**Q** 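To start, I am sharing the structure in question, which I have written as C-alpha cells.
All values reported here derive from a predicted model rather than from experimental measurement. Per chain, numbering begins at 1; letters A, B, ... match sequence-line order.
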Protein chains: 2
Amino acid sequence: MSEKIPRKPSAARQRQESRILRAAEQVFALKGFNGTTMDAVAQVAGISKQNIIYYFPSKDALYRRVLEDVLDLWVEKMTFDASPQAVPTTVIENYIRGKLELSRDYPNSSKVFANEIINGAPILKEYLVSHLKPQFEHDTALIRRWIEEGLIKPVDPEHLFFFIWASTQTYADFSSQIQLLLGKERLEQDDFDRATQFLTTMVNSSLTSDPA
Amino acid sequence: MSEKIPRKPSAARQRQESRILRAAEQVFALKGFNGTTMDAVAQVAGISKQNIIYYFPSKDALYRRVLEDVLDLWVEKMTFDASPQAVPTTVIENYIRGKLELSRDYPNSSKVFANEIINGAPILKEYLVSHLKPQFEHDTALIRRWIEEGLIKPVDPEHLFFFIWASTQTYADFSSQIQLLLGKERLEQDDFDRATQFLTTMVNSSLTSDPA
DNA sequence: GTCTATAGTAGGATAGAC
DNA sequence: GTCTATCCTACTATAGAC
C-alpha cells in the first residue's frame with residue numbers, strides 16, 4: 001500500500017532527466033518535432049532509447065517538457081516591466097540586449113520555439129493566449145503611456161515588439177544563414193556586439209528627437 | 001529507338017506538376033520536410049499518392065523542386081540594385097515594401113525557406129554561398145558607398161540586411177503568433193500597412209538627419 | 001497516365017529478464 | 001533502473017493491371 005508513494009525524485013533521476021532534456025532540445029531544435037527520433041535523442045544523451053522512454057512516457061511528453069523549460073527560461077529572463085521612474089529608451093535598450101543574450105546563450109531554445117510557431121503553434125497556442133498575450137498587452141500599454149507623456153516619439157507599439165523579437169531571434173534561428181554570409185564558422189561575441197549596437201542605435205534614433 | 005525521345009512536356013503534365021507543387025509547398029511550409037507525408041500532399045492536391053510519385057520520383061526530389069521554385073520567385077522579385085541616381089532611402093524603403101509584399105502574398109514560400117534555414121540549410125547551403133552571398137556582398141558594398149558619399153548616416157551594412165530580412169519575414173513565418181497577439185483570425189492589409197509604415201519610418205529616421 | 005496491391009523499412013512503444 | 005527482444009503502425013517506394 002505504501003510502496004506507491006513517490007519518494008524524493010532522487011538526485012540520480014534528476015540528473016538523467018536533465019541530461020535527456022538537454023539532448024532532446026538540441027535535436028528538436030535542429031530537426032523539428034517530426035524529424036526527431038527517440039533514437040537520435042538517445043545517442044546524443046548517451047543513453048538507450050528504451051531507457052529514455054522509462055523517464056519520459058512518450059516523444060510527445062518529452063517535447064512538451066522541452067517546450068515548457070524553454071518558456072520558463074524566457075519568462076524568467078525577459079520581463080519588460082520597468083520601475084515608474086525608468087528611462088524608456090534605457091528600458092527598451094536593455095530589453096533588446098537581453099533578447100540578444102538569449103539568442104547567444106540559448107540558440108537551441110529559440111529554434112525549438114521557432115519551429116513550433118512556424119508549424120502553427122499547435123501546442124503553444126493555448127499558452128500564448130493565456131500567458132504571452134496579457135504580458136504583451138501590458139507592455140504595449142506601457143509604450144502607449146510613454147508616448148502620451150511625451151517621453152518617446154509616437155510609434156506603433158505592437159509592431160515595435162514584433163520588430164524586436166524578429167531581429168533579435170534571427171541571430172539564433174537563422175544563424176546558419178548569417179554565418180554563411182559573414183563567412184564564419186560560428187557567430188562570435190563581436191557579431192552580437194555589432195547587432196546590439198545596430199539595433200539599439202536604430203531604435204534610439206527613431207524614438208528620441210535627434211539631439212545632433 | 002525513337003520512342004524514348006521526350007516530346008513536349010505536355011500541357012496536361014505541367015498542369016499536374018504545378019498542382020502538386022502548390023500542394024507540396026503548403027504542406028512543407030506547415031509541417032516541415034519530415035512532417036510532410038506524400039499522402040498529405042496527395043490529399044491537398046486531390047491526386048493519389050502513387051500518381052504523385054509518377055510525376056516526382058521521390059519525396060526528396062519534390063522538396064528540392066519546391067525549394068528551387070521558392071528561390072526563383074525571391075530572386076525575381078527582390079533585387080536590391082538601384083540606378084546610380086536613385087535616392088538611397090527610397091531604395092531601402094522599396095526593398096522593405098517588397099519584402100513585406102512577399103510575406104503577404106507568399107507566406108508558404110517564406111516558411112519553407114525558414115524551415116530549411118533553421119534546420120541548418122542542409123540543401124540550400126550550397127546555393128546560399130554561390131548565389132546569395134555574392135548578391136549580399138554587392139548590396140552591402142553599395143550601402144558602404146552611400147555612407148562614404150554622405151548620402152546616409154553611418155550604419156552597419158550587414159546587420160541592416162539581417163534586420164530587414166528578419167522583421168519582414170516574421171509576418172509570414174511567425175504569423176500564427178502575431179495573429180494570436182493581435183486577436184485576429186488572419187493578418188489583413190491594414191496590418192501590413194502598419195508594418196510597412198513602422199519599419200520604413202524607423203529606418204528613415206536612423207539613416208537621415210532628422211529634418212524636424 | 002492512373003489505379004490496386006504490396007514490399008520494405010523506420011520508428012514509437014511495450015513486455016519482461018536481469 | 002537498464003537492457004533485449006519484439007510488436008505494430010505509418011510511410012516511402014515499387015510492380016504490375018488496366
**Q** Please name all residues satisfying side chain to side chain donor-acceptor pair (under 3.5 Å) with A:D139, sequence neighbours left out, ordered by chain then number.
**A**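 A:D139 satisfies side chain to side chain donor-acceptor pair (under 3.5 Å) with A:Q135 once adjacent residues are dropped.
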**Q** Going 5' to 3' along DNA chain D, which are the first and last nucleotides with any atom under 4.0 Å from a heavy atom of chain B?
**A** D:dC11 to D:dT14
**Q** Which ones in residues 41-70 of chain A lie close to DNA chain D, meaning a heavy atom under 4.0 Å from one of its atoms?
**A**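 Within residues 41-70 of chain A, the residues near DNA chain D are A:S48, A:Q50, A:N51, A:Y54, A:Y55.
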**Q** So if I take residues 23-33 of chain A and measure heavy-atom distances to DNA chain D, which residues fall below 4.0 Å?
**A** none
**Q** By side chain to side chain donor-acceptor pair (under 3.5 Å), which residues pair with B:D191, not counting sequence neighbours?
**A**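 For B:D191 the side chain to side chain donor-acceptor pair (under 3.5 Å) partners, ignoring immediate neighbours, are B:K184.
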**Q** Could you list the donor-acceptor pairs under 3.5 angstrom formed between side-chain atoms of residues 21-48 of chain A and any protein atom two or more places apart in sequence or on another chain?
**A**
| unit_1 | atom_1 | unit_2 | atom_2 | d |
| --- | --- | --- | --- | --- |
| A:E25 | OE2 | A:S109 | OG | 2.8 |
| A:T36 | OG1 | A:V27 | O | 3.4 |
| A:T36 | OG1 | A:G32 | O | 2.7 |
| A:T37 | OG1 | A:A40 | N | 2.9 |
| A:S48 | OG | A:N51 | N | 3.1 |

**Q** What I want to find out is whether A:K125 reaches A:E116 closely enough, with some N-O distance under 4.0 Å, to be called a salt bridge.
**A** no
**Q** Excluding sequence neighbours, so at least two apart, what forms side chain to side chain donor-acceptor pair (under 3.5 Å) with B:E185?
**A**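 Not a single residue meets the side chain to side chain donor-acceptor pair (under 3.5 Å) criterion with B:E185.
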**Q** Kindly state each residue pair satisfying salt bridge (Lys or Arg N to Asp or Glu O under 4.0 Å) with at least one member in residues 9-20 of chain B, sequence neighbours excluded.
**A**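 Salt bridge (Lys or Arg N to Asp or Glu O under 4.0 Å) check on residues 9-20 of chain B returns B:R13-B:E17, B:E17-B:R65.
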**Q** Inspect the surroundings of CD in B:E137 and state if more than 12 heavy atoms from other residues, nucleotides or ligands are less than 6.0 Å away.
**A** yes
**Q** How would you list all residue pairs meeting ring-ring contact (aromatic ring centres under 6.0 Å, His included) that involve residues 174-195 of chain A, not counting sequence neighbours?
**A**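 Checked against ring-ring contact (aromatic ring centres under 6.0 Å, His included) - neighbours excluded - no pair reaches residues 174-195 of chain A.
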**Q** Flag the pair B:D156 and A:R194 as a salt bridge only when some basic side-chain nitrogen lies within less than 4.0 angstrom of an acidic carboxylate oxygen.
**A** yes
**Q** List in chain and number order the residues that pass salt bridge (charged side-chain N to carboxylate O under 4.0 Å, His left out) with B:D60, two or more places apart in sequence or in another chain; answer none if no residue qualifies.
**A** B:R64
**Q** Do the ring planes of B:F162 and B:F136 sit parallel (below 30°), tilted (30 to 60°) or perpendicular (above 60°)?
**A** parallel
**Q** Can you name the side chain to side chain donor-acceptor pair (under 3.5 Å) partners of B:T168, sequence neighbours left out?
**A** none
**Q** Where along residues 14-21 of chain A does a heavy atom fall under 4.0 Å from DNA chain D?
**A**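 Heavy-atom cutoff 4.0 Å gives A:Q16.
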